[in-house]
S.K.: 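First, the structure itself, so that you have it in front of you.
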2 protein chains.
Amino acid sequence: MVIAESVLASAPTRGEVTAARILDVAEALFARHGYEGTTLRDVAAGVGLRTPSLYNHFSGKDALYAAVLERGVAPVLSALSEFARDGSGDPEGLVVTVMELLAGRPDLPRLIQHEILSGGECLMPLLGDSIGPVFARAHEVAEASPGAGAWSAEEIPLLVLAMYHVVVGYFTIAPLYAELQGQDLLTQPAIERQTRFLGELVSILFSGTTKE
Amino acid sequence: MVIAESVLASAPTRGEVTAARILDVAEALFARHGYEGTTLRDVAAGVGLRTPSLYNHFSGKDALYAAVLERGVAPVLSALSEFARDGSGDPEGLVVTVMELLAGRPDLPRLIQHEILSGGECLMPLLGDSIGPVFARAHEVAEASPGAGAWSAEEIPLLVLAMYHVVVGYFTIAPLYAELQGQDLLTQPAIERQTRFLGELVSILFSGTTKE
DNA sequence: AGAAAAAACTAACTATCGTTAGTTTGTCAC
DNA sequence: GTGACAAACTAACGATAGTTAGTTTTTTCT
């Protein structure tokens, strides 16, 4: 059996194609109903398969869930790592990058939030050492900002958490907001507005510049 | 044994006592594992009962969940309504009030987040017209602030959503943060720190005052 | 074309879910 | 005390979950 192919890969196997389709359907269902609320029969039906056929691609429900989570979280983590790697990454650029990433996969934030609410036992192994550097870099940026000293050292992590929640929460509350205010937050103009808003937020909170 | 009774109420029936205990256990379990992930057998075991005994107090799992949600969400909604009722409520006071509320019931934010992730179909009937006035009042405050015009009209709802997510998200991510950074966000000093942080955030974002 | 491997299928098992029926225990008014 | 009612119990049902075994179809390689 030919193993995973990289950049110059050959055409994907039939099995790899259906495996990807399974991941797509499972991601949507896990994001909407959580792990316990999602049934393998629903996943199979979404793909157009019978339940046992899933076992030709994944060893079980747990493994499928882990695969969905890993595939979904990977691009975000790599963006975070790149931001924290060299000292050149600015928070505003990170926010824009992450927003573009999530806009293309609006199920991902809900998937991650479900995982976090359930304790994050499946997410934590994936985080590895991608998170620590982000906090470190946030400290650097905050201290080098014009309004230096505005935030105490113990407040920086709270600021990072706050930014995380604002970014992710926007997507998770979109369905409720649609029914509550009759406005779809996931349209392209709405997402662009939110991205602008986040940019201003970062500018105010990290650089200490008041809005003009 | 004489139990603590509310201000002017008669003594609670034995049934009311166990009903309250059922609600307590169910709230904790629903908050941790969500609706689908919580089993009535676990609820009963947590109370020290057999599963069918739950049906002496609630007509089924759905009704129990609805009761938990209603009891949990009521104080928050009344705080929101009071904030929006007369024009005197300031955002900082609201944030402090809500933080005190949630600090006393740290399961509540996770319960609400689970509900929102699942579409909020059970939450929405409870919201009624408690939410609209909050947005309206936010507009008033933002426009009457010293840095008036700093936020455009279309950004005010985003600001309200952002504040909501920062407040609620703090509690939902606490368990993961504990394992990730080895720090418990739910201790009293940590919550007081977060409350101060939120106060500064509101001050900056609503009043337009830069941190000194 | 034909053999071998991959990937679909049918059928069914075990466990556990929410729920119901019927019974026993406990509590309180008279 | 004794009857009446509330609230616990035991036993079990039907439905559905994840999973396995065994079989048939489809693809792939020579």
Side-chain angles (χ1 to χ4, degrees), chain A residues 1-5 9-69 114-115 118 121-122, chain B residues 1-3 5 9-30 32-69 114-115 118 121-122:
Chain A
M1 138 131 55
V2 182
I3 324 175
E5 13 227 301
S10 54
T13 302
R14 179 172 76 120
E16 291 170 344
V17 170
T18 70
R21 289 177 58 209
I22 293 174
L23 285 177
D24 288 336
V25 174
E27 180 177 294
L29 290 177
F30 282 136
R32 217 170 302 276
H33 306 111
Y35 178 82
E36 315 271 2
T38 300
T39 156
L40 289 186
R41 282 167 172 83
D42 286 344
V43 174
V47 185
L49 248 51
R50 307 291 196 183
T51 315
S53 300
L54 301 179
Y55 287 79
N56 286 325
H57 306 273
F58 302 95
S59 65
K61 191 182 183 183
D62 292 11
L64 174 59
Y65 179 73
V68 166
L69 204 63
H114 264 299
E115 171 65 15
S118 302
E121 298 177 5
C122 205
Chain B
M1 152 180 340
V2 180
I3 317 173
E5 358 224 316
S10 57
T13 303
R14 181 169 74 117
E16 291 171 344
V17 170
T18 70
R21 289 177 59 207
I22 293 174
L23 285 176
D24 288 337
V25 174
E27 179 176 295
L29 290 177
F30 281 136
R32 216 171 303 274
H33 307 111
Y35 178 82
E36 314 271 2
T38 299
T39 156
L40 289 185
R41 283 168 171 82
D42 285 344
V43 175
V47 186
L49 247 51
R50 307 292 196 180
T51 314
S53 299
L54 300 179
Y55 287 80
N56 286 326
H57 305 273
F58 302 94
S59 64
K61 191 183 184 182
D62 292 11
L64 174 58
Y65 179 74
V68 166
L69 204 63
H114 265 298
E115 172 64 16
S118 302
E121 297 177 5
C122 204

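Each chain gets a letter, A, B and so on, in the order its sequence line appears, and its residues count up from 1.
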S.K.: Answer whether the closest heavy-atom distance between the side chains of B/Leu64 and B/Leu40 falls below 4.5 Å.
M.R.: yes
S.K.: Under the side chain to side chain donor-acceptor pair (under 3.5 Å) rule, collect the residues that match up with A/Ser118, sequence neighbours excluded.
M.R.: none
S.K.: Please work out if A/Thr51 contacts a base, only the sugar-phosphate, or nothing of the nucleic acid, heavy-atom cut-off 4.0 Å.
M.R.: base
S.K.: Any residue in residues 54-68 of chain A with a heavy atom nearer than 4.0 angstrom to DNA chain D? Just list them by number, or reply none.
M.R.: A/Tyr55, A/Gly60, A/Lys61
S.K.: Considering only heavy atoms of chain B and a distance under 4.0 Å, specify the first and last nucleotide of DNA chain D in 5' to 3' order that meet this criterion.
M.R.: D/dA7 to D/dA11
S.K.: To the nearest 0.5 angstrom, please state how far the CD atom of B/Glu36 sits from the OG1 atom of A/Thr39.
M.R.: 10.5 Å
S.K.: Could you tell me how far apart B/Arg50 (CZ) and C/dT19 (C1') are, to the nearest whole angstrom?
M.R.: 17 Å
S.K.: Below 3.5 Å, can you tabulate the donor-acceptor pairs from side chains in residues 27-35 of chain A to any protein atom, sequence neighbours excluded?
M.R.:
residue : atom : partner  : partner atom : Å
A/Glu27 : OE1  : A/Arg71  : NH2          : 3.3
A/Glu27 : OE1  : A/Arg105 : NH1          : 3.1
A/Glu27 : OE2  : A/Arg105 : NH1          : 2.6
A/Tyr35 : OH   : A/Asp62  : OD1          : 2.2

S.K.: Name the stems with DNA chain C in them: runs of three or more consecutive Watson-Crick or G-U pairs, distances under 3.5 Å?
M.R.: C:1-30 with D:1-30
S.K.: Looking only at non-hydrogen atoms, find the nearest pair between B/Phe58 and B/Ala67 and report the distance.
M.R.: CE2-CB, 3.9 Å
S.K.: Which atoms form the tightest heavy-atom contact between A/Ile22 and A/Val47, and what is the distance?
M.R.: CA-CG2, 3.8 Å
S.K.: Rounded to the nearest 0.5 Å, what separation is found between the NE2 atom of A/His57 and the CG atom of A/Leu23?
M.R.: 10.0 Å
S.K.: Measure the spacing between CG of A/Asp42 and OG1 of A/Thr51 and express it to the nearest 0.5 Å.
M.R.: 9.0 Å
S.K.: How close do A/Glu121 and A/Glu115 get, heavy atom to heavy atom, and via which atoms?
M.R.: N-OE2, 3.3 Å
S.K.: Which residues in residues 20-40 of chain A have a heavy atom closer than 4.0 Å to any atom of DNA chain D?
M.R.: A/Thr38, A/Thr39, A/Leu40
S.K.: What closest approach, in Å, do B/Tyr55 and B/Gly60 show between heavy atoms, and which atom pair accounts for it?
M.R.: CE2-CA, 3.8 Å
